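First up is the structure itself, then whatever we jot down about it.
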Amino acid sequence: MTENQDKELRYENSRYVVSPDNKPQTKDEVDLRELWGIIWQGRWIIISITALFAVCSVFYALSLPNVYNSEALLAPASDEQQGGLGGLAGQFGGLASLAGVNLSGGKADKTTMALEILKSREFFSKFAQRHDILADLMASEGWDIYNNEVIYDEDIYLQNENEWVRKVKAPMQARPSLQEAKKTFDRILKIQQNNDTGMVNISIEHYSPYVAKQWIDWLVRDINLDMKNRDKQEAEKSITFLQSQIEKTKILEHKTLLYQLIEEQTKTLMFAEVRDEYIFKIIDPPVIAEVRAKPNRALIVILCLMLGSLSSMILILVRYYKNKSSTQKLDDEIDRIDKI
């Protein structure tokens, strides 16, 4: 046998092994039966680790407090005053713009602006201070269903003393800032608008279903009031300006136009005074939830069981192939010594 033939033979022997049924297999291929055998030999380890994960997951899932969700379905309020304003838009658009009067804005624009205001930092700051929600937002950790009381984390807030005692690093303070509270509020507040129908769904999650429902009521009422006050202020300023222009002009036609603009702004003031649901009408009001929204304890346990089983199998396979590699290196070293 030549030297080249000997090298080829050794190369082939290094690539192939003989399986129990005398069929050649490459060493790089994974033998599923071998894997199953390894896993079966370590079945008690797998069962033990999986059982440990199962017990821990049950305790963890039971330790999580219930979170309740309250939601309301809103519809943009009809904008009757836009009918008259729309008719004047083509004739007096230039004059109205000087007075700060918007003749072309429709209810879609008002709704979009209201939603953006609802998400703004300024609106949240006023909302949090007006209704004193900071403790319920930042320090709550559960709900006493029997006494209908929010449970507070005493490492953060002492309810009886009304004192914030949490320990934080500068520049943060024991009492959470409104910027910090806004981030937490954004995580529990969800606002969705249907582009086809214009309907708006607003929801809040909290440990207490009563608090969640109350906050939804306050949010809807406050955004309606905020938009109402904005329009009232704009209308009053516009009327003041238009009246000053009437006194200055000598042309009868211009005075007639200005009086018509004042009439439309007066309608805006009238609608603002008589409407409580100024921007949003409540189609489906929020209710006190009887069933928790989360956590899904069954799903948590199932996922932990899967994680435990997978982790234990990976552990067994890694340990087996590590030992096999060490044994192979030892055999190779013994063969090398024998040849010497």
Side-chain angles (χ1 to χ4, degrees), residues 64-74 113-191 200-230 232-233 272 275-280 282 285-290 292-294:
L64 295 175
N66 292 336
V67 176
Y68 297 88
N69 181 75
S70 184
E71 61 182 6
L73 181 64
L74 312 176
M113 185 171 71
L115 292 178
E116 293 304 317
I117 291 174
L118 193 59
K119 301 174 186 176
S120 67
R121 291 187 297 269
E122 181 182 4
F123 180 85
F124 171 76
S125 297
K126 294 178 181 178
F127 178 80
Q129 293 172 354
R130 182 183 298 120
H131 302 293
D132 192 21
I133 69 168
L134 204 57
D136 288 339
L137 177 63
M138 302 298 294
S140 60
E141 64 173 2
W143 175 54
D144 185 349
I145 188 174
Y146 300 104
N147 298 315
N148 188 21
E149 294 179 349
V150 176
I151 301 173
Y152 299 99
D153 187 345
E154 294 184 353
D155 293 331
I156 299 177
Y157 176 73
L158 299 178
Q159 181 183 11
N160 294 333
E161 289 80 10
N162 191 24
E163 180 182 1
W164 293 89
V165 294
R166 67 173 188 161
K167 297 179 180 179
V168 292
K169 295 181 180 179
M172 301 177 69
Q173 300 179 356
R175 180 183 177 87
S177 66
L178 291 175
Q179 292 184 32
E180 184 182 357
K182 176 67 165 60
K183 295 179 180 179
T184 302
F185 192 72
D186 287 342
R187 289 196 291 267
I188 65 173
L189 172 66
K190 293 181 176 59
I191 301 174
V200 176
N201 184 279
I202 178 172
S203 63
I204 279 184
E205 293 179 344
H206 196 270
Y207 298 120
S208 168
Y210 291 86
V211 170
K213 190 260 184 187
Q214 182 67 78
W215 287 3
I216 292 289
D217 288 333
W218 284 341
L219 283 172
V220 176
R221 187 187 67 187
D222 286 4
I223 190 60
N224 277 323
L225 183 61
D226 186 277
M227 293 299 295
K228 177 192 295 188
N229 290 335
R230 287 171 184 263
K232 284 175 64 177
Q233 291 175 6
R275 281 186 185 173
D276 291 329
E277 296 181 329
Y278 185 72
I279 290 296
F280 294 116
I282 301 177
V287 296
I288 298 172
E290 297 179 348
R292 69 176 186 272
K294 58 184 183 182

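Model, not experiment: these values are computed from the prediction. Side chains are part of it too, since the values below use all heavy atoms of this structure and drop only hydrogens, waters and symmetry mates.
- At least one side-chain heavy atom of R187 sits under 4.5 Å from a side-chain heavy atom of T184.
- Side chain of K182 to backbone of K119: a donor-acceptor contact under 3.5 angstrom is found.
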### Query
Given K294 and N69, is the side-chain contact (heavy atoms from CB on, under 4.5 Å) satisfied, shown in steps?
CA-CA 9 Å; K294 58 184 183 182; N69 181 75; over 6 Å; no
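- With a 6.0 Å radius and a threshold of 12 heavy atoms from other residues, nucleotides or ligands, Q173 has its CD atom at or below the threshold.
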### Task
Take E205 and K190, measure what side-chain contact (heavy atoms from CB on, under 4.5 Å) needs, and give me the verdict at the end.
CA-CA 9 Å; E205 293 179 344; K190 293 181 176 59; 4.2 Å; yes
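- For the pair N66 and R292, the tightest heavy-atom approach, listed with the atom from each and the gap, is OD1-CD, 3.2 Å.
- The aromatic rings of Y157 and Y152 sit perpendicular to each other, their planes meeting at more than 60°, with 30° as the lower class boundary.
- The two residues V150 and W143 make their nearest non-hydrogen contact at N-CD1, 4.3 Å.
- Separation of atoms CG (L118) and CD1 (I191) is listed at 4.0 Å; rounding is to 0.5 Å.
- Applying the salt bridge (charged side-chain N to carboxylate O under 4.0 Å, His left out) test to every pair with at least one member in residues 157-174, sequence neighbours left out, gives these pairs: R166-E180.
- Taking CD1 of I145 as the start and CD1 of I151 as the end, the distance is 10.5 Å to the nearest 0.5 Å.
- Contact of the M138 side chain with the I156 side chain is not registered, since no non-hydrogen atoms from C-beta on lie closer than 4.5 Å.
- R221 has its side chain within reach of W218: a pair of non-hydrogen atoms, C-beta onward, lies under 4.5 Å apart.
- No side-chain donor-acceptor contact under 3.5 Å links D153 to the backbone of A139.
- For the pair Y68 and A289, the tightest heavy-atom approach, listed with the atom from each and the gap, is CD2-O, 4.0 Å.
- From I216, atom CD1 reaches atom OG of S203 across 6.5 Å, with rounding to the nearest 0.5 Å.
- In this structure, CD1 on I204 lies 10.5 Å from CD on Q214, to the nearest 0.5 angstrom.
- E141 CD: more than 12 foreign heavy atoms inside a 6.0 Å radius.
- Under the 4.5 Å side-chain criterion, counting only non-hydrogen atoms from C-beta, L189 is in contact with I202.
- Taking every heavy atom of both residues into account, I223 and A114 meet most closely at CD1-O, 3.5 Å.
- Rounded to the nearest 0.5 angstrom, N148 CG and I288 CD1 are separated by 7.5 Å.
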Quiz: residues 120-128 side-chain donor-acceptor pairs under 3.5 angstrom, not counting sequence neighbours:
residue: S120; atom: OG; partner: I117; partner atom: O; Å: 2.6
residue: S120; atom: OG; partner: F123; partner atom: N; Å: 3.3
residue: E122; atom: OE2; partner: K126; partner atom: NZ; Å: 3.4
residue: S125; atom: OG; partner: R121; partner atom: O; Å: 2.9

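- Note that the CG atom of L134 and the OG atom of S140 stand 10.5 Å from one another [nearest 0.5 Å].
- Summarising the geometry of A272 relative to Y278, their closest heavy-atom pair is CA-CE1, 3.7 Å, with the distance given to 0.1 Å.
- In this structure, the side chains of L178 and F185 stay at 4.5 Å or more apart for every pair of heavy atoms.
- In terms of heavy atoms, A181 sits closest to L137 at O-CD2, 3.5 Å.
- Considering only heavy atoms from C-beta on, V165 stays 4.5 Å or farther from D155 through its side chain.
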